[in-house]
Structure formats: structure tokens, C-alpha cells
There are 2 protein chains.
Amino acid sequence: MTEEDRVRKQKALVEAMGRIYEKEGLQPISGRIMGLLTIMDKEFFTFDEIVEELQISKGSASNAIKMLELRNVIEYITVAGERKRYFHIKKIDKFTLIDEHKQKLKLTNEFLQSALELKSDKNSGNALFLKDMIDMIDFFIGKFQEFKEEYKSGREE
Amino acid sequence: MTEEDRVRKQKALVEAMGRIYEKEGLQPISGRIMGLLTIMDKEFFTFDEIVEELQISKGSASNAIKMLELRNVIEYITVAGERKRYFHIKKIDKFTLIDEHKQKLKLTNEFLQSALELKSDKNSGNALFLKDMIDMIDFFIGKFQEFKEEYKSGREE
DNA sequence: TTATTGGTTCAGTATAAACTGAACCGGAAT
DNA sequence: ATTCCGGTTCAGTTTATACTGAACCAATAA
């Protein structure tokens, strides 16, 4: 693979990351910025470089960057004597992604629980189905903490 | 809580389910139909009852129902001598939800892997971060099957 | 003091997707 | 033969939201 090829593929991944973000209900531009900062070889981008590389308006960049900062996934450094901000990804706790899945399962279960509580007949087919789901999901949620500790201790050895 | 209150709350949950589906990138109406079929006490709804209860057009109902059938989450029964279809939720394998999470993690990791492979310097800060994430997620994915079997055997006893 | 840099803000546009509603369709009943 | 039932199809409307671009601003440089 030529150098050029490699960079072209990296840029394709950046675009793909935009689509992934879009599916999650976030702005594609935010995803593309995250892509830039994680996928390209360069690890620090200024505001202007982001605007230039992604061919987006300054307004969009400003807006998306603000959002990413709020979500706590990017940050920036400054260099003495310069006003520019050099953005880079935050090397968050590895488990954040896993925790998000856990959180989603928790919300699902709270919802199912509410539904179950509102059933007039707790032994109807659907009520039993709900119970079954809730029980199983609870089990999995409980496994998350266990897993984390297992993983951590496995790496420390 | 009065009977009326209970039903009102059930209907609110049905609406909430629509919003959940929307967040997942699916049609809110599909979610509301799923809500009807899982949350309300009635467990079988005809096409017309769905249209009536949710106050939606026949077109929307037809479209959303088709989609839910394709996703394999609802089905219908018929009664001899009637043309109506009585829709109800499919009591799918409990683990479908969990499997979806697993699948999502797999896709995430494939993506991260592609990004890592395209790095010119596999020891750069971001490359190492990617490796770290991939390793952890892989470990976690591997645990899913284990968890499932543990759960199953736990219930059988 | 004026110009430049490095942005932010916001009104307006473009686009996509959900949803409606009306026309239509096949099969059964009258 | 035509009316009703239980839908499907599809063109057009509505709505949401991402994005643009131009005006603006504060800090620094000339």
C-alpha cells in the first residue's frame, strides 16, 4: 500500500466515523472531527486545520468542538506566545465505552420495570416475558463490575 | 393508583417507547406500536385498533408494521372465518438484546482495528490508545458467551 | 488606530425522514 | 354487480436538524 493509499483510507475512515456518530444521533461533523484526531497520524489539530481538512464552515467547527468538549472526549493544549488551540483526543478511561453500554442496559431495565409494574395481571404472557427479560438483563449488568476487575487484575500481573 | 391512572401511565410509556426507538434511528411509530403490544394489558391488536389507539394514518401503520415484521419482533395470528390479523409481540430469545450489544462492540472493534492498521507509527500515543481499547473490548466480547452459559445454567438448577 | 488572528453567534437554507391522506387493490359478502 | 373489509402504495407535506456564511468580537500585532 502506497503512502497516498494509506492516507486516502484514513480519510475514508474519518468519513465513516461521521456516519457512526450520525447513527448515534450526534452530528456527523463531530464524528469526523473525532476521526481526524484519532485516525490520522497527526495527533494535534488547530481550529483552522480542522476547518481546512474537513472543508466545513467555521460555524460548524466551532459548534461541534464545543459539543465534543462538553462530552469530555477532546481537549486542547496551548503553546506559549500563541492564541491557537491544539486539539487532541482525551485518553479517557478505557472503560467509558463499556460503561455506556452498561448504562444503556440499566435504562432499558428501568423502563421494562415500569412497564411491568403497570400490568394489571402480573402473570399474563407479556408480564412474564418482561420479568424474564428484566431478570436476565440484571444478571448481565451485575457482570460488568466483575468483568472490569477481572480485566484490571489480569493486566497488572 | 386508580385504574384510569394506570392506563394513562401505560400510554405515557408507549409514547416514551416511541422516543426510544427514535433515538435508535427507527421510526417513532414503530416504537409506539411495540409499546402498545408490550405495555398495555391487551396483548393482541388488530390493524384498525393500532390505527385507532395511536391516532395514526393507515399508511404509517402499514409501513411500520411491515418493518417490525421484517425485524422479526412482532407476528400475528388469524382467526378462522376472519380476515383480520391479530398482532402481538414475538417472545424472542431473551438474549437478542444482549447479542445486539455484543454485535455493536464487535463493529466498534473492527473499526478501531482498521484505524490502527492504517497508523504509520504503531507506537504513537493514539496508536497505543487504540491498541489498549481494542484489547479490552476483545476481552469483554469474549466474556459474553461465558456469561450467557452461566446465566442459563443458573436458571436451570 | 487599524489590521489580523482565532475564533463565536445566529439567522437562514438545505436536506432528510416521518407521516398523512387519498387512491387503489384483492377477496368476501350482499 | 357492487359494496365492504382490511389493508398497501405512493405522491406530497411537515418537521427536525445539520450546516453555511456573514456579521461580530476580543486579543494581539503592526
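Within every chain, numbering begins at 1; the chains are lettered A, B, ... in the order of the sequence lines, protein sequences first and strands thereafter.
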Should the pair [X]-[Y] be classified as a salt bridge under the 4.0 Å nitrogen-to-oxygen rule?
{"X": "B/Asp132", "Y": "A/Lys91", "result": "no"}
{"X": "A/Glu69", "Y": "A/Lys66", "result": "no"}
{"X": "B/Lys148", "Y": "B/Asp99", "result": "yes"}
{"X": "B/Glu149", "Y": "B/Lys152", "result": "no"}

Where along residues 57-72 of chain B does a heavy atom come under 4.0 Å from DNA chain D, residue by residue in number order?
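Close to the strand are B/Lys58, B/Gly59, B/Ser62, B/Lys66.
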
Quick one: which of B/Glu53, B/Glu22, B/Glu15 gives a salt bridge (Lys or Arg N to Asp or Glu O under 4.0 Å) with B/Arg32?
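Of B/Glu53, B/Glu22, B/Glu15, salt bridge (Lys or Arg N to Asp or Glu O under 4.0 Å) with B/Arg32 is met by B/Glu15 alone.
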
Output a table of nitrogen or oxygen pairs between the protein and nucleotides 25-30 of chain D separated by less than 3.5 Å.
unit_1, atom_1, unit_2, atom_2, d
D/dA27, N3, A/Arg83, NH2, 3.4

Quick one, A/Leu105 and A/Asn109 - any side-chain contact, counting heavy atoms below 4.5 Å?
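The answer is no, as the side chains (C-beta and beyond) never meet within the 4.5 Å cut-off.
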
I'd like to check B/Lys58 versus B/Phe47 (side-chain heavy atoms, cut-off strictly below 4.5 Å). Are they in contact?
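Yes. Closest side-chain heavy atoms under 4.5 Å.
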
Taking [atom1] from [X] and [atom2] from [N], how many angstroms apart are they, rounded to a whole number?
{"X": "A/Phe87", "N": "C/dG6", "atom1": "CZ", "atom2": "P", "result": "12 Å"}
{"X": "A/Glu82", "N": "C/dG7", "atom1": "CD", "atom2": "P", "result": "10 Å"}
{"X": "A/Ile50", "N": "C/dT8", "atom1": "CD1", "atom2": "P", "result": "11 Å"}

Let's see if you get this right: which residues in residues 17-37 of chain B place a heavy atom under 4.0 Å from DNA chain C?
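Those residues whose heavy atoms fall under 4.0 Å from DNA chain C, taken from residues 17-37 of chain B in numerical order, are B/Gln27, B/Pro28, B/Ile29.
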
Given the rule that I, L, V, M, F, W and Y join up when any side-chain heavy atoms are under 4.5 Å apart, are A/Val7 and A/Met34 in one cluster?
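Yes; tracing contacts between hydrophobic side chains, which count when under 4.5 Å, links both residues.
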
Just wondering, are more than 12 heavy atoms of other shown residues or ligands nearer than 6.0 Å to NZ in A/Lys23?
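No.
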
